[in-house]
Number of protein chains: 2
Amino acid sequence: MTDRTARPRDTPRTRPAKAPLSREAVIAAALRLVDETGTGAVTMRRVAQALDTGPASLYVYVADRDELMAEVYDLALAGVRLPGPADGDWRAQLELLVDRAITTLGGHDGIALVAITRAPTGPNALRLLEASMTLLRAGGIDDSLCPWAADLLDQFVTSSALELAARLRHQRVLAATGDSADATEAAMSAAAGSELDAAYGNLSPDTHPTITALLPAMTTAGRDSHGHATWKLGVIIDGLLLHHRRR
Amino acid sequence: MTDRTARPRDTPRTRPAKAPLSREAVIAAALRLVDETGTGAVTMRRVAQALDTGPASLYVYVADRDELMAEVYDLALAGVRLPGPADGDWRAQLELLVDRAITTLGGHDGIALVAITRAPTGPNALRLLEASMTLLRAGGIDDSLCPWAADLLDQFVTSSALELAARLRHQRVLAATGDSADATEAAMSAAAGSELDAAYGNLSPDTHPTITALLPAMTTAGRDSHGHATWKLGVIIDGLLLHHRRR
DNA sequence: ACCTGAACACCGTTCAAGT
DNA sequence: ACCTGAACACCGTTCAAGT
């Protein structure tokens, strides 16, 4: 923020009027924009504007918007620290790794959308794939199934991150709209689920007996979303262990 | 194609110059466009063009593009037939239901993207939710966990459908690019995975020992993708049964 | 050699003016 | 009352012309 005025005695030669462009600067600016305005609002023009240049200049450093977003995705993944032996056995470490990946990606709005269109091959994606497969192998999952298992976990991470991002976005909108006075965390998540509750609540027991019967459980299901995600991950790992362990 | 000239003796009164617009016609035209050109290429302008009108006219029937795509999503889901007792026990039926949902959604390009941004509440989404929860309950899953289990299955359906759609799109591109002579199914899926194989193959055993060690399993993992999806679903159901069955 | 102004071919959405 | 032409405020990407 104060960088440009912090060293007023720099000569023009050592302090250029603006930071020089680079592939890294473009990617970092795009990630900042993802966090501030949402993935959908990240346009080449806005990234350029944030860097004090024109949109055409970006094409010196990235091929197109798709490639830029793929790099932003990998930069976001750089924020995921790998668990170590201090975090417990292989299963505890794997659960921690998946949880961190979901939290980190979900914290950068819809950046996980990138992983849906194209399979990520950036250095950080490969770093996390290596880590998860190593943990699966340590858990005794058969070698031939480790890639499939890792793929299932990755699918879970991506979709959970997008679910988290959607919830955070929804909460942000509600916080901006409603009175800030009584916008408690609880009130916000209650309001966030209310549209869904309405869709379920208006159904007839004749046509939708099970939904109607389980309505209390359905409305409370969205309450503790982190607990929900942890439970789901547990289910997947349980399933992996049931049949597919090396003898 | 020949509709306009098929009944030349119709009076103008009984045969209007063009089919009258309606919400249903707009949604159906949009789904046709999804199949023909891909979800990303579905614009209000192109939908209007397909209906021989201007983009502004669509806003009489749908609030905006988001609402239109949500309706297209539910129309796509209408193509999923529910399994019945003739298809086997609850587990066989549930697996069939999930498989049909993935195949159907994945066959309409990226339409499943709609389910990521907003939780679907259309009649067909509710029909499938009712069916899956009924089957889970029949399988003995505890009432309080059925909504969570159904949510996990839904997450799996959505992400698997998008994975399938991406693969089909990739194959279509390759088929259009390469010689049609030797574009066999096998050659195409081999080429489709080759970029990923390259990303894995170039890694050093020092930095990525597990990926390198499991390389043969990784490259064959993408081969039988339907078998892969079935296996993953089996893992999830196994996990659900392990701990969460009603006593 | 590196950078970019201006242009091209698009978008979603609105609204005044028509029938 | 219903429909829509034209416009507004945007897009991603290209390329000729500058330095």
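Because the structure is a prediction, the values reported are computed rather than measured. Every chain is numbered from 1 and lettered A, B, ... according to where its sequence line falls, protein lines coming before strand lines.
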Taking only side-chain N and O atoms of B/T43, does any of them lie within less than 4.0 angstrom of OP1 or OP2 on C/dC10? no
Spacing of A/W148 atom CH2 and B/H228 atom NE2 [to the nearest 0.5 Å]: 6.0 Å
In whole Å, what is the span from the CZ atom of B/R45 to the P atom of D/dA7? 13 Å
Please confirm whether the shortest side-chain N or O distance from B/Y61 to OP1 or OP2 of D/dC3 is below 4.0 Å. yes
So, is B/T53 near the phosphate of D/dT4, with a side-chain N or O under 4.0 Å from OP1 or OP2? yes
Which nucleotide in the list D/dT4, C/dC3, C/dT13 gets nearest to the side chain of B/S57? D/dT4
Taking a pair to mean Watson-Crick or G-U wobble geometry with both distances below 3.5 Å, C/dA1 pairs with D/dT19
Whole angstrom is fine here: how far is it from CG in A/L68 over to C1' in D/dT13? 14 Å
Hey, mind stepping through A/L162 and A/I116 against side chain to side chain contact (heavy atoms under 4.5 Å, CB included) and telling me if it holds? CA-CA 10 Å; A/L162 289 169; A/I116 277 170; 3.5 Å; yes
P atoms of C/dA9 and D/dA9, separation to the nearest Å: 22 Å
Taking all atoms of both residues into account, what is the closest heavy-atom pair of B/A70 and B/R118, and its distance? CB-NH1, 3.6 Å
Let's test this: given Watson-Crick or G-U wobble pairing with both distances under 3.5 Å, identify the partner of D/dT14. C/dA6
Expressed in angstrom and rounded to an integer, what is the separation of A/M44 atom CE from D/dC10 atom C1'? 16 Å
Evaluate B/S225 against B/R167 for side-chain hydrogen bond (donor to acceptor under 3.5 Å, both in side chains), listing each step before the verdict. CA-CA 10 Å; B/S225 48; B/R167 193 172 52 252; 2.9 Å; yes
Gap between atoms CZ and P, on A/R46 and C/dC11 respectively (whole Å): 19 Å
When A/V60 and A/P55 are each assigned the nearest nucleotide of DNA chain C, the 5'-most assignment goes to A/V60
Can you measure B/D64 atom CG to C/dC11 atom P for me and round it to whole angstrom units? 17 Å
Under 4.0 Å between a side-chain nitrogen and a carboxylate oxygen: does that hold for A/R23 and A/E67? yes
Could you check how far OH of B/Y59 sits from P of C/dG12, rounded to whole Å? 6 Å
Spacing between B/D66 atom CG and C/dC11 atom P, to the nearest angstrom: 17 Å
Rounded to whole Å, how long is the line connecting atom CG of B/D52 with atom C1' of D/dT4? 14 Å
